Amino acid sequence: MHYRRPGLDRLSHALLAVCCLLFLLPVWLAFTASTHTLGALYSQTAPLWFGEAGWDNYRHLLSGSVGGLGTDVLTLLINSMIMALGIAIGKIAISVLAAYAIVFFDFPFRRLCFWLIFITLMLPVEVRILPTFEVVADLGLLDSYAGLILPLIASATATFLLRQFYLTIPPELVEAARIDGAGPWRFLRDILLPLSKTNLAALFVIMFLYGWNQYLWPLLITNDADYLTIVVSLKRLLTSADGLVPWQNVTATAVLAMLPPVLVILLMQRYFVKGLVDSEK
Amino acid sequence: NTQITWWHAMGGALGDKVDQIAADFNASQDTYTVKPVFKGNYSETMTSAIAAYRADKGPDIVQIYEVGTATMMAAKGAIVPAYQLMASADVDFDPEGYLPAVTGYYTDPEGNMLSLPFNSSTPVTYYNRERLAQAGVEEIPRTWQELGDALEKIVDSGAASCGLTTTWPSWVMLENYSAINDVPFASQANGFEGADARLRFNRTAVVDQIERLTRWQDDGRFDYGGRFDDAAPKFYSGDCALMMASSASYANIKENADFDFGVAPLPYDADVVEQANNSIIGGASLWVLDGLDEARRQGVAEFFEYLSSPEIQADWHQYSGYLPITQAAADLTRKQGFYADHPGTDVAIKQITTGEPTENSKGLRLGNMVQIRDVINGELEEIFSGDVGVQEGLDEAVSRGNALLEKFESARQ
Amino acid sequence: MSAPFQRHRITPWILMAPQLGIVLVFFFWPALQAIEQAFYVEDAFGLSREFAGLVNFKAVLSDPTYYQAAGTTLIFSLAVAVGAMSIALLLAVMADRVIRGARVYRTLLVWPYAVAPAVAGVLWLFLFDPTLGLISGLLGNMGIEWDHKLNGAQALTLVIMASIWKQMSYNFVFFLAALQSVPNSLLEAAAIDRAGPWRRFWTITFPLLSPTAFFLLVMNSVYAFFETFGTIDTVTSGGPGGATTTLVYKVYQDGFVGQDMGASAAQSVLLMALVGGLTWFQFRYVEKKVQY
Amino acid sequence: MATLRLNGIRKRYPNGITALHGIDLDVGDGELMVVVGPSGCGKSTLLRTLAGLESITEGELTINDQRVNALEPAERDIAMVFQNYALYPHMSVFDNMAYALKNRGTPKDEIRRRVTETAQLLDLAELLDRRPRQLSGGQRQRVAMGRAIVREPQVFLFDEPLSNLDAKLRVQMRLEIRRLQKRLAVTSVYVTHDQVEAMTLADRLVVMNGGHVEQCGTPMALYEQPATRFVASFLGSPAMNFLPVTAHRGGVVLPNGNPVALPVAIPEGRAATLGVRPEHLIEATSMSDAAAVLDVTVEMLEPLGADTLAYTRLPGLEEWLVVRLDGTHAAREGQRLSLAFSVVNCHVFDSQGARVPLTDPEAQACQ
Amino acid sequence: MATLRLNGIRKRYPNGITALHGIDLDVGDGELMVVVGPSGCGKSTLLRTLAGLESITEGELTINDQRVNALEPAERDIAMVFQNYALYPHMSVFDNMAYALKNRGTPKDEIRRRVTETAQLLDLAELLDRRPRQLSGGQRQRVAMGRAIVREPQVFLFDEPLSNLDAKLRVQMRLEIRRLQKRLAVTSVYVTHDQVEAMTLADRLVVMNGGHVEQCGTPMALYEQPATRFVASFLGSPAMNFLPVTAHRGGVVLPNGNPVALPVAIPEGRAATLGVRPEHLIEATSMSDAAAVLDVTVEMLEPLGADTLAYTRLPGLEEWLVVRLDGTHAAREGQRLSLAFSVVNCHVFDSQGARVPLTDPEAQACQ
Ligand SMILES: Nc1ncnc2c1ncn2[C@@H]1O[C@H](COP(=O)(O)OP(=O)(O)OP(=O)(O)O)[C@@H](O)[C@H]1O
Ligand SMILES: Nc1ncnc2c1ncn2[C@@H]1O[C@H](COP(=O)(O)OP(=O)(O)OP(=O)(O)O)[C@@H](O)[C@H]1O
Ligand SMILES: O=P(O)(O)OC[C@H](O)CO
Ligand SMILES: [Mg+2]
Ligand SMILES: [Mg+2]
């Protein structure tokens with residue numbers, strides 16, 4: 001219930017607006033900085049407004065081989081995209097099936113399978129990073145998309161979410177389908193997947209962000225610049241032998257690295273919020 | 001066409017030069033293609049190379065900084081010693097043609113060269129002529145004591161907000177300080193005479209040196225600028241009037257500083273020695289990792305031969321500020337009149353060849369030195385920020401460093 | 001509910017196979033390797049390997065820097081969790097008040113979640129760059145010397161701020177959803193029961209948020225534990241003087257930079273035990289206490 | 001001890017919907033006034049304006065002759081029982097009941113005493129330490145009641161407090177609420193959409209429709225003399241039968257053409273509606289003073305035990321004519337029946353749905 | 001066209017609960033058999049074993065004398081209507097109805113024809129393109145029915161199909177289901193916990209309790225001659241009044257000490273229960289053949305319109321004695337009434353709850 005207190009409301013609006021701007025500030029500065037030349041940048045503190053070199057900076061990054069990276073940023077964007085999509089789609093695909101088996105089937109060792117999968121919820125890849133690296137190396141997957149993707153889909157978050165959702169499907173719906181002559185595969189195709197559409201979209205958003213934003217893992221397993229992702233490349237760009245950080249490149253790359261996930265979150269906000277909030281249950 | 005990968009740590013202007021050298025080599029013949037890959041700073045390059053080696057994805061050539069030398073030398077099965085490589089490839093390779101100060105560092109006790117020196121450096125002092133003039137400092141200080149006075153003038157006159165900064169703090173302020181002033185950094189001739197070497201710098205003049213810097217840090221004469229090369233912008237921007245940095249910073253300073261600058265030797269400590277000893281080597285050498293086939297071995301050897309040729313070396317030396325590795329390159333440079341045209345460019349080579357090296361100035365050969373540097377840097381940061389006292393911090397650095405040395409030693413047995 | 005498809009024997013295994021396979025290969029195999037590795041001493045190049053019993057564990061547990069990292073992790077996690085949660089709660093309460101704008105504000109505040117931790121680190125590093133940073137410049141003008149390369153507390157602060165900046169939106173989304181799902185009738189009942197707005201918030205709304213708050217505390221800690229690696233690596237690389245080295249960062253540093261596989265594996269094992277224990281604790285105990 | 005007076009209360013929501021179109025109502029001291037009406041007719045809105053949860057757009061609300069339009073809910077000294085109970089899920093039963101007292105700064109001892117007393121009254125003493133989710137539906141309902149009672153307010157407001165309970169429990173709680181209200185004698189307004197609940201609970205009944213009051217009075221008054229067709233159809237189960245009729249020669253003509261001698265003042269030829277309740281349709285044989293006889297065919301029978309409902313077809317009438325027969329009646333589907341009804345049991349409504357009084361004074365008197 | 005036979009059906013769930021303890025039942029061709037009982041008595045379980053959704057632990061189920069225990073649901077040619085309808089939310093009404101036919105590989109044209117026909121029958125033709133969530137409760141219910149009908153199955157199964165509807169709609173749909181079932185003449189089993197629904201719908205009624213069948217027969221047979229006290233209390237609203245009595249001199253003694261001359265065969269002094277339905281308690285004055293007269297005080301009145309329920313107090317009896325008075329009865333709370341009942345309306349149950357037949361042949365005949 002809300003008592004009308006116009007004063008408080010206005011104060012809230014003002015504070016919220018200020019906070020929104022504050023939250024935008026780092027990105028704004030990065031964006032403006034990315035439109036200046038290095039020289040112009042180092043002649044002052046970070047400029048609050050755009051410079052002239054924006055077009056050149058971005059064109060140079062996207063098309064030319066960038067010093068320190070050995071490749072162009074477009075390639076990095078494509079790699080990030082492949083990794084993010086691979087992780088999102090791969091994770092959803094295996095989770096849909098596994099959660100389906102766990103919720104709708106009775107089979108020996110069901111509980112064991114359940115625990116084998118859900119124990120992974122507790123331990124993110126970071127804690128077992130070295131041995132995972134060795135395993136992937138042993139499998140010959142360094143510098144490959146499979147190496148970027150597979151180890152990161154070995155977690156149960158999506159399976160767990162889908163399981164939660166499947167559990168809310170009224171058992172009568174399955175029973176109705178059985179009486180209507182639908183077997184398991186047909187039920188999956190005709191009923192379950194269509195019903196999970198929003199959940200899958202939500203998962204997709206979450207997993208896409210997760211995949212795109214990965215840092216440590218791609219950092220470790222990519223030596224070949226052809227498989228470098230844009231997020232990881234930032235550290236490389238920050239390192240410069242002359243101690244002069246090429247901020248115009250770094251900020252421009254940061255802007256490019258932010259763009260796809262931020263777009264995804266803004267365009268699919270409804271699903272994103274649902275995906276997040278569902279994970280609470 | 002055989003592809004040879006070369007991981008290196010040359011960023012900025014130097015990175016461009018490396019690309020160019022490789023391109024030139026590729027153009028000079030059509031059997032081999034050398035592909036240089038920038039892998040971050042020295043430490044990052046080294047660690048990724050080792051990790052990649054373990055995963056059988058290592059490069060053929062990797063640039064390892066001087067600090068990693070002992071580690072690489074100890075990795076017997078993992079590397080192909082340069083002398084063997086060159087011998088089996090049947091290319092001209094004369095270790096005698098290299099500067100002794102350089103070869104000494106990269107040869108095993110039997111005198112075999114294990115890696116190819118490529119970019120050796122030594123720290124020098126860069127000064128901003130304009131700021132010095134503004135502060136009325138005419139003589140370039142030769143001792144730390146004189147330096148202190150000069151810096152005071154600079155700061156007091158307001159010519160610059162900071163007097164001095166340094167890149168690679170451990171290398172410059174501890175390792176080279178010890179060498180120049182002939183105090184031991186570690187026992188056993190800094191490791192040259194045995195793997196049981198232990199750090200000593202908490203009991204030498206280094207303590208006073210760090211105390212001096214800490215004092216200066218407080219009154220503005222010194223400003224800590226971070227590990228690696230992070231301090232350089234403070235000098236480029238004119239904030240700091242002096243900077244102690246690698247001779248190889250020359251190229252970048254030339255590119256980034258829009259003021260008149262000069263190069264001078266590192267000062268010595270008049271309270272400790274009468275006269276400066278030689279400084280010690282830095283920079284990096286090229287190591288060949290095991291696991292390459294016959295064709296690539298041959299390619300690497302030919303590339304090494306190309307790299308060592310006087311023309312390439314002289315050009316690299318003149319462009320970057322790294323030392324001329326071979327006598328021939330030095331001679332060629334002198335002949336070209338480079339030193340005369342560019343005063344100060346010979347400071348480094350003079351400094352490193354001053355006098356006869358003592359057992360304190362041959363260099364360092366300490367295992368796990370990469371990690372030890374990290375420990376020292378960490379302790380220095382705590383000292384400069386006032387979190388711990390100088391003696392306390394150095395003691396801690398020594399004891400943690402010694403633990404690493406022990407570990408290295410025991411792993412070797 | 002008993003499973004509806006009971007007569008199918010093979011189908012469930014076909015369904016399980018991909019996930020089970022991936023989990024076994026990329027989770028259990030490495031986890032077991034970590035445990036094995038922890039009992040061996042190995043040189044950097046993997047040329048020699050020797051069974052060492054508990055040596056690695058002893059070394060780790062007697063290493064003061066390990067405890068420093070544990071302390072840093074604790075401070076860091078708490079600061080990020082408390083910071084990100086309290087800002088988010090404040091903003092969510094205000095957004096919930098202004099009903100009409102709530103969705104707009106959510107849009108305006110939600111996007112930092114999409115920014116990679118490493119990118120967030122870079123953005124904040126730029127703000128605090130010693131030569132061109134806007135904020136470090138402002139602070140300098142105010143006479144506060146900003147030097148995160150030397151000052152451990154400042155470095156930690158910087159990493160915390162970047163992490164909070166990114167994490168706040170996550171909490172905001174949850175708090176807003178939770179606030180909006182507090183049944184209106186409860187607040188009305190409280191109003192009739194003579195509770196003013198302030199009292200209503202603290203005695204009704206806030207307790208009802210506590211399951212969400214607890215959940216967020218856990219998620220934020222996990223975030224601070226693991227996902228801020230990118231932030232730390234880009235901003236401070238664990239320095240200065242180890243002031244921003246968290247337990248996870250140390251696993252990486254000792255393993256990949258220090259090339260000390262045994263120590264790193266031992267830390268991995270300790271970390272797995274710690275996180276596993278915390279999760280168990282959460283499931284078993286605390287969650288029950290704050291659920292309605 | 002309070003009286004409640006609503007004077008032309010109008011409520012317009014910000015979105016433009018007018019939920020109450022001027023409500024006038026007096027609730028006497030200690031009276032239980034039930035507001036009943038279909039979903040969306042504005043019952044909850046009315047209650048919420050009384051509680052102060054919604055502002056009053058127009059009109060005056062007084063409690064004990066004191067104008068309270070502008071008072072906050074907390075200042076009106078009312079208690080409310082919500083449909084979903086609105087128990088504080090994070091507080092024990094005790095704390096739920098004590099909350100209002102705490103907010104008022106009542107001393108601890110006093111709180112404990114009053115809560116314990118109320119809990120005893122409602123048979124909740126054992127449950128004081130439980131959380132709401134550990135209670136059954138009926139128990140929750142009782143806690144909600146207890147929370148209202150413990151404050152000893154001037155007025156009780158109930159918003160469909162029984163609709164979340166199952167049928168059995170509903171009947172039981174309905175009796176309990178009635179008993180409690182009588183015993184405490186607190187002025188109460190009770191909102192429901194269930195006509196049985198309304199009839200059985202009310203001292204007086206208000207039937208609402210579309211934001212208007214249709215009629216107000218005792219349950220039996222409304223049942224026997226509904227002022228509008230709406231009220232007539234709303235009260236009673238099975239519902240009243242309605243037959244479209246035409247005024248003819250001082251009487252009316254039924255759909256099947258039969259004339260009925262009804263003394264009504266409707267202009268000749270004008271359409272009207274004749275309402276007869278199922279229990280007032282009686283087999284013609286057993287009726288002496290029949291106003292008309294209807295020959296119908298039984299289409300379906302619903303045995304309820306004591307009674308049997310017969311759904312019958314009257315030629316010319318689209319809807320079923322529902323007849324309440326005795327449970328022991330031997331009717332079968334397909335059977336023909338002759339039904340009769342007497343004038344006193346007739347209700348006539350004009351085309352606007354308003355009751356048309358019978359002009360015959362005798363019949364009038366009976367009604 | 002099918003008959004259904006259950007032979008000693010037992011169902012034990014994996015968790016050890018035995019939900020059905022041997023059910024024997026025959027459902028005739030075209031018959032509508034209603035299963036009624038309290039929550040948890042095993043009604044749904046029974047239905048689900050018929051459908052093949054749960055395996056049968058023991059016993060035999062035949063459809064048209066063919067054993068179907070081991071058949072999959074889809075192979076039994078049955079259709080089921082669920083309590084929550086279980087419509088596929090993402091499919092249009094058309095697709096919902098067509099799904100089973102599609103799975104069976106029925107040709108497109110045929111599907112279209114049959115769905116359209118069924119939709120017409122159920123008045124759904126306009127709604128075929130809608131999604132379930134765009135439908136009202138009643139419409140959803142009809143779609144669920146349609147989905148069952150369109151398959152032209154041998155048997156219909158209904159699991160409380162009306163319990164999600166509001167009271168009005170429930171009455172209406174109940175009539176509709178009954179009409180449809182009669183028209184299609186498909187053998188049906190209908191489960192409900194609502195005794196009114198059960199009474200009004202059933203051809204025959206099965207009352208279940210705790211996994212057992214208590215009694216089976218036509219609704220009025222069960223209402224008038226309940227075989228157990230459970231059945232007696234379960235059917236009828238308001239429920240039957242029960243008075244604890246003691247056998248004495250070939251009759252019984254009431255709690256207030258009054259003797260009743262009842263010809264029952266209970267050993268002297270043994271406790272029993274006497275049941276009298278509220279509608280059979282009549283004011284003593286208007287009764288000639290009273291078996292006993294009870295002097296009671298009215299404690300509460302519930303006017304329902306046609307009737308008024310009086311909750312009265314009989315000295316010596318803890319519960320209220322509920323009496324159904326005529327709606328026009330002028331009773332007031334606190335008033336004293338003399339109630340009488342006749343022997344033919346008495347039900348006597350022994351201490352196990354089983355009916356004790358009256359020994360007097362005349363009274364017997366009446367029952
Ligand atoms: N907060 C609101 N804002 C706008 N319109 C509202 C609001 N609350 C109710 N209404 C509208 O006012 C009218 C009356 O609603 P109200 O809730 O009082 O009905 P009701 O009689 O209580 O119905 P029900 O029996 O379904 O509870 C409805 O048309 C409803 O849509
Ligand atoms: N899947 C199951 N597993 C175990 N026990 C069950 C299962 N389904 C029902 N039961 C138990 O079997 C008994 C009968 O349940 P059933 O659902 O048949 O009752 P019901 O008569 O349909 O009740 P309701 O009217 O509440 O629907 C109950 O005790 C119930 O707890
Ligand atoms: O900057 P460089 O290449 O001269 O190297 C510096 C030192 O070698 C660091 O150890
Ligand atoms: Mg309402
Ligand atoms: Mg059931």
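Per chain, numbering begins at 1; letters A, B, ... match sequence-line order. What you see below is based on every heavy atom in this structure, not just the backbone, and it leaves out hydrogens, waters and symmetry mates. Since this is a predicted model, take the numbers as computed values, not measurements.
Around the CZ atom of E:R5, the shell of radius 6.0 Å holds no more than 12 heavy atoms that belong to other residues, nucleotides or ligands.
Between E:E60 and E:R67, at least one side-chain N (NZ, or NE/NH1/NH2) sits under 4.0 Å from a carboxylate O, which counts as a salt bridge.
With a 4.5 Å cut-off on non-hydrogen atoms, E:L87 touches chain A through its backbone but not through its side chain.
Remark: the backbone N or O of E:H21 is not paired with any side-chain donor or acceptor of E:R10 at under 3.5 angstrom.
Each of E:L180, E:V81, E:L32 was evaluated against E:S188; a single residue qualifies, E:L32, per the side chain to side chain contact (heavy atoms under 4.5 Å, CB included) test.
A 4.5 Å side-chain heavy-atom check between E:R130 and E:L127 finds at least one atom pair inside the cut-off.
Residues E:Y190 and E:F156 keep their aromatic ring centres 6.0 Å or farther apart.
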All donor-acceptor atom pairs under 3.5 Å, backbone and side chain, chain E-chain A:
unit_1: E:R48; atom_1: NH1; unit_2: A:E175; atom_2: OE1; d: 2.6
unit_1: E:R48; atom_1: NH1; unit_2: A:E175; atom_2: OE2; d: 2.3
unit_1: E:R48; atom_1: NH2; unit_2: A:E175; atom_2: OE2; d: 2.8
unit_1: E:N84; atom_1: ND2; unit_2: A:E172; atom_2: OE1; d: 3.3
unit_1: E:Y88; atom_1: OH; unit_2: A:A176; atom_2: O; d: 3.4
unit_1: E:Y88; atom_1: OH; unit_2: A:A177; atom_2: N; d: 3.3
unit_1: E:Y88; atom_1: OH; unit_2: A:D180; atom_2: OD2; d: 2.8
unit_1: E:H90; atom_1: NE2; unit_2: A:D190; atom_2: O; d: 2.6
unit_1: E:Y99; atom_1: OH; unit_2: A:D190; atom_2: OD2; d: 2.8
unit_1: E:N103; atom_1: O; unit_2: A:R186; atom_2: NH1; d: 3.3
unit_1: E:N103; atom_1: OD1; unit_2: A:R186; atom_2: NH1; d: 2.6
unit_1: E:N103; atom_1: ND2; unit_2: A:D180; atom_2: O; d: 3.0
unit_1: E:R151; atom_1: NH1; unit_2: A:I179; atom_2: O; d: 3.4

